[in-house]
Amino acid sequence: MSERIGYIGLGIMGRGMAHNLLKAGFALTVWNRTASKADDLVAAGAQVASSPRELAAQADIIISCVSDTPDVQAVLLGEDGVIHGAKSGSLVIDMSTISPQATRDIAAALAERQIAMLDAPVSGGSEGAAKGTLSIMIGGAADDVARALPALQAMGKTITHVGENGAGQTVKLANQILVVVNMLAVSEALLFAQASGVDLEKTLSAVTGGAAGSWMLANRGPQVLKRDWRPGFTIDLQQKDLRLVLEAADQVGAPALGSAMAFNYYRVLQQAGLGHEGNHALIKAFERLAGFEVGKAE
Ligand code: NAP
């Protein structure tokens, strides 16, 4: 019989992942701070718990996907947290994007109660969460990864065990450096093309399949040309990830100039009240410097 799963955090990402666990046949208990967000999962067959502690008592594997480091600390180690309800021998899988160092500290606290932990942050956006095609990068012990695999395969397609606890979060932060520095390049290139008077649609068609192609260019480039700022990933969450990058880079002594630049550009946009827009709205900070805009709204 497959293990019973408890899922904490039914936001943009968590709800899709939880639905996919149900579809794969897992017995599922869910908890969300805003209780109403569990309604459709309950209608689809999930049980609901009244706290992370109660959820943990009912599950063998406990998954969390909440916003930031303090939020993971609250649901796992807080007063009514998982640590107070989980049976010895349980496995916690944290799929949020948080600090690698805090992850190692949380894993150590759980280990004192014989609760194992994996950090398993994801990439692939809300689309990937809904379709079960996420990339999942995992830190932790190999036998725990093997135990988690059936559940992870219900949520993701590219599943990579990258090292010990914290390593999954470190690789996720490397992923975020690639995303934002890519978006810096997309912004600079589109402004240059616009100022030079070439057709922007043709520019995108010409370069997307070549050596400069990327997921951000292919997916967010066309959105920029339409001035469609709806988020796959918000500026506020992107800013949170860049803060984590800069903190972690400082701890290991790595320069992170592109990330620092993007962090400050996103800060300008947050101050302008645009934190809810998509991370591709980064180009608006460049436009303010340039004094002109690219593309046009439909
Ligand atoms: P979201 O839609 O804003 O959902 C956040 C979830 O965390 C909600 O369920 C929220 O509960 C819960 N939460 C926040 N603080 C909490 C606290 N202190 N106690 C209990 N619950 C709390 O965010 P999301 O897009 O799903 O992102 C979740 C995580 O996945 C983040 O770490 C994000 O960086 C990462 N991620 C997101 C994407 C993406 O494309 N969206 C991609 C990869 C990774 P309420 O409903 O009560 O607010």
Side-chain angles (χ1 to χ4, degrees), residues 6-20 30-41 46 48-56 62-83 93-100 102-103 106 119-138 152 155-159 168-180 183 215-216 219-220 223 230-245 248 266 275-281:
Y7 203 105
I8 296 171
L10 305 171
I12 290 177
M13 298 300 285
R15 63 177 42 252
M17 292 192 258
H19 273 293
N20 283 329
V30 296
W31 179 83
N32 195 66
R33 181 178 58 182
T34 307
S36 58
K37 286 195 197 166
D39 291 350
D40 59 329
L41 279 151
V48 69
S50 64
S51 67
R53 177 205 290 249
E54 188 190 287
L55 173 140
I62 300 123
I63 302 177
S64 52
C65 188
V66 295
S67 306
D68 200 351
T69 307
D71 309 311
V72 175
Q73 287 164 333
V75 298
L76 295 184
L77 307 181
E79 206 181 320
D80 233 358
V82 164
I83 195 166
I93 309 173
D94 178 39
M95 305 188 80
S96 327
T97 304
I98 66 163
S99 151
T103 292
I106 294 168
D119 43 305
V122 301
S123 177
S126 51
E127 300 96 327
K131 290 185 194 150
T133 56
L134 292 167
S135 292
I136 307 178
M137 34 222 111
I138 314 172
L152 297 177
M155 299 181 279
K157 209 162 79 178
T158 307
I159 299 166
Q169 295 294 355
T170 299
V171 172
K172 171 66 186 180
L173 295 185
N175 179 84
Q176 296 308 73
I177 294 171
L178 289 163
V179 166
V180 296
M183 198 56 222
W215 191 97
M216 285 303 278
N219 290 278
R220 302 302 177 223
Q223 254 190 283
R230 282 173 298 172
F233 191 54
T234 62
I235 285 176
D236 282 339
L237 280 178
Q238 185 69 85
Q239 182 73 352
K240 178 262 300 182
D241 288 355
L242 282 168
R243 172 175 49 74
L244 295 171
V245 166
Y266 280 127
H276 60 285
E277 293 194 347
N279 56 353
H280 55 296

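Along the sequence shown, residues carry numbers from 1. Both counts, for ligands and for their atoms, begin at 1 and track the order of listing. Any value given below was found using the heavy atoms of this structure, including those in side chains, with hydrogens, waters and symmetry copies removed.
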> Tell me: protein heavy atom nearest atom 43 (C) of ligand 1, and distance?
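Of the protein heavy atoms, V122 O, 3.3 Å lies nearest.
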> Report the part of Q176 (side chain from C-beta onward, or backbone N, CA, C, O) that has a heavy atom under 4.0 Å from ligand 1; answer both or neither where that applies.
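Contact part for Q176 vs ligand 1: neither.
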> Nearest protein heavy atom to atom 48 (O) of ligand 1, by residue and atom, and its distance?
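Protein heavy atom with the smallest distance to atom 48 (O) of ligand 1: R33 NH2, 2.9 Å.
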> Would one find an N or O of M13, backbone or side chain, under 3.5 Å from an N or O of ligand 1?
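Min N/O separation from ligand 1 is below 3.5 Å for M13.
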> Is it true that, when you exclude K131 itself, more than 12 heavy atoms of the residues, nucleotides or ligands shown sit nearer than 6.0 Å to its NZ?
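Incorrect, the count does not exceed 12.
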> Quick one: does A74 get an N or O within less than 3.5 Å of an N or O on ligand 1?
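N/O-N/O distance below 3.5 Å does not exist for this pair.
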> Heavy-atom contacts under 4.0 Å between T234 and ligand 1: side chain, backbone, both, or neither?
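The answer is neither; T234 stays 4.0 Å or more away.
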> S96 heavy atoms, cut-off 4.0 Å: which ligand 1 atoms fall inside?
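Result: 32 (O).
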> Is a donor from one side chain sitting under 3.5 angstrom from an acceptor on the other, for T234 and D236?
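Looking only at side-chain atoms, D236 and T234 do not form any donor-acceptor pair under 3.5 Å.
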> I'd like to know if the side chain of R15 and the backbone of A129 have a donor-acceptor N/O pair within less than 3.5 Å.
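Not a single qualifying donor-acceptor pair exists.
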> What atoms of ligand 1 come closer than 4.0 angstrom to any heavy atom of L10?
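What qualifies from ligand 1 is 9 (O).
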> Under 3.5 Å, N or O to N or O, is S67 touching ligand 1 that way?
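Yes, at least one N or O pair falls under 3.5 Å.
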> Purely on distance, is any nitrogen or oxygen of W31 under 3.5 Å from one on ligand 1?
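In fact, backbone or side chain, W31 has no N or O that close.
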> Report the nearest protein non-hydrogen atom to atom 45 (P) of ligand 1: residue, atom name, distance rounded to 0.1 Å.
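Going by distance alone, atom 45 (P) of ligand 1 is nearest to T34 OG1, 3.4 Å.
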> Relative to the heavy atoms of G232, which atoms of ligand 1 are at a distance of less than 4.0 Å?
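In order of numbering, the contacting atoms are 39 (C), 40 (O), 41 (N).
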> Could you identify the single nearest non-hydrogen protein atom to atom 23 (O) of ligand 1 and state the distance to 0.1 Å?
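Of the protein heavy atoms, L237 CD1, 3.9 Å lies nearest.
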> Numbering the atoms of ligand 1 from 1, which are under 4.0 Å from a heavy atom of G125?
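Selected atoms, number and element: 40 (O).
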> Would you mind checking which non-hydrogen protein atom is closest to atom 4 (O) of ligand 1, with the distance to 0.1 Å?
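Sorting protein heavy atoms by distance from atom 4 (O) of ligand 1 puts G11 CA, 3.4 Å first.
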> Can you list the atoms of ligand 1 that are under 4.0 Å from a heavy atom of D71?
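Under 4.0 Å from D71, ligand 1 has these atoms: 15 (N), 16 (C), 17 (C), 18 (N).
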> Which ligand 1 atoms does V75 reach within 4.0 Å, using its non-hydrogen atoms?
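Atoms satisfying the 4.0 Å criterion: 19 (N), 20 (C).
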> Could you tell me which atoms of ligand 1, counted from 1 in the order shown, lie closer than 4.0 angstrom to a heavy atom of K172?
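The list of qualifying atoms is 43 (C), 44 (C).
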> Output, in order, the C-alpha distance, side-chain angles, deciding distance and verdict of side chain to side chain contact (heavy atoms under 4.5 Å, CB included) for W31 and V75.
CA-CA 10 Å; W31 179 83; V75 298; 4.0 Å; yes
> K240 side chain to T97 main-chain N or O, any donor-acceptor pair under 3.5 Å?
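It does hold such a pair.
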> Give the atom numbers and elements of ligand 1 that come within less than 4.0 Å of a heavy atom of G9.
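In order of numbering, the contacting atoms are 9 (O).
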> What's the shortest distance from atom 34 (O) of ligand 1 to any protein heavy atom, and which residue and atom give it?
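Scanning the protein heavy atoms, the shortest distance from atom 34 (O) of ligand 1 goes to K240 NZ, 2.8 Å.
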> Identify whether the distance between the nearest side-chain nitrogen and carboxylate oxygen of D68 and R243 falls below 4.0 Å.
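Between R243 and D68 there is a salt bridge, with a charged N closer than 4.0 Å to a carboxylate O.
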> How far is atom 46 (O) of ligand 1 from its nearest protein heavy atom, and which residue and atom name does that atom have?
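Going by distance alone, atom 46 (O) of ligand 1 is nearest to K37 NZ, 2.6 Å.
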> Between N32 and A38 (side chain of the first, backbone of the second, donor and acceptor by atom type, cut-off under 3.5 Å), is there such a pair?
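Between the backbone of A38 and the side chain of N32 there is no qualifying donor-acceptor contact (under 3.5 Å).
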> Atom 9 (O) of ligand 1: which protein heavy atom is closest, and how many Å away?
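Ranking protein heavy atoms by distance from atom 9 (O) of ligand 1, first comes N32 OD1, 2.7 Å.
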> With side chain to side chain contact (heavy atoms under 4.5 Å, CB included) as the criterion, how do K37 and V30 come out once you've worked through the C-alpha distance, each side chain's angles and the decisive distance to 0.1 Å?
CA-CA 10 Å; K37 286 195 197 166; V30 296; over 6 Å; no
> Tell me which one of P52, C65, G14 gets a heavy atom nearest to atom 6 (C) of ligand 1.
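Looking at heavy atoms only, C65 sits closest to atom 6 (C) of ligand 1.
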> Are any of the N/O atoms on D68, whether in the backbone or the side chain, positioned under 3.5 angstrom from an N/O atom of ligand 1?
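By distance alone, the answer is no.
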> Is there a side-chain contact between D94 and I106 in this structure, where contact means two heavy atoms from C-beta onward sitting under 4.5 Å apart?
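Side chain of D94 against side chain of I106, heavy atoms only: no contact under 4.5 Å found.
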> Considering distance alone, does some N or O of V66 sit under 3.5 Å from an N or O of ligand 1?
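Min N/O separation from ligand 1 is below 3.5 Å for V66.
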> Assess the side chains of D40 and H19: does a donor N or O sit below 3.5 Å from an acceptor N or O?
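Yes - a donor-acceptor pair under 3.5 Å links their side chains.
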> Between the side chain of K157 and the main-chain N/O of G132, is any donor-acceptor distance below 3.5 Å?
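A pair under 3.5 Å: no.
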> Has Y266 got a side-chain atom pairing as donor or acceptor with N279's backbone, closer than 3.5 angstrom?
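The answer is yes, because a donor-acceptor pair under 3.5 Å joins these two groups.
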> For the pair Q169 (side chain) and M137 (backbone), establish whether a donor and an acceptor sit closer than 3.5 Å, ignoring hydrogens and angles.
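Flag not set: sc Q169 to bb M137 has no pair under 3.5 Å.
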> Indicate the atoms forming the closest heavy-atom contact of Q176 with D241, along with that distance.
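For Q176 and D241, the tightest heavy-atom pair comes out as NE2-OD2, 2.7 Å.
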> Quick one: does any side-chain atom of T69 pair with a main-chain N or O of S99 as donor and acceptor, under 3.5 Å?
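The answer is yes, because a donor-acceptor pair under 3.5 Å joins these two groups.
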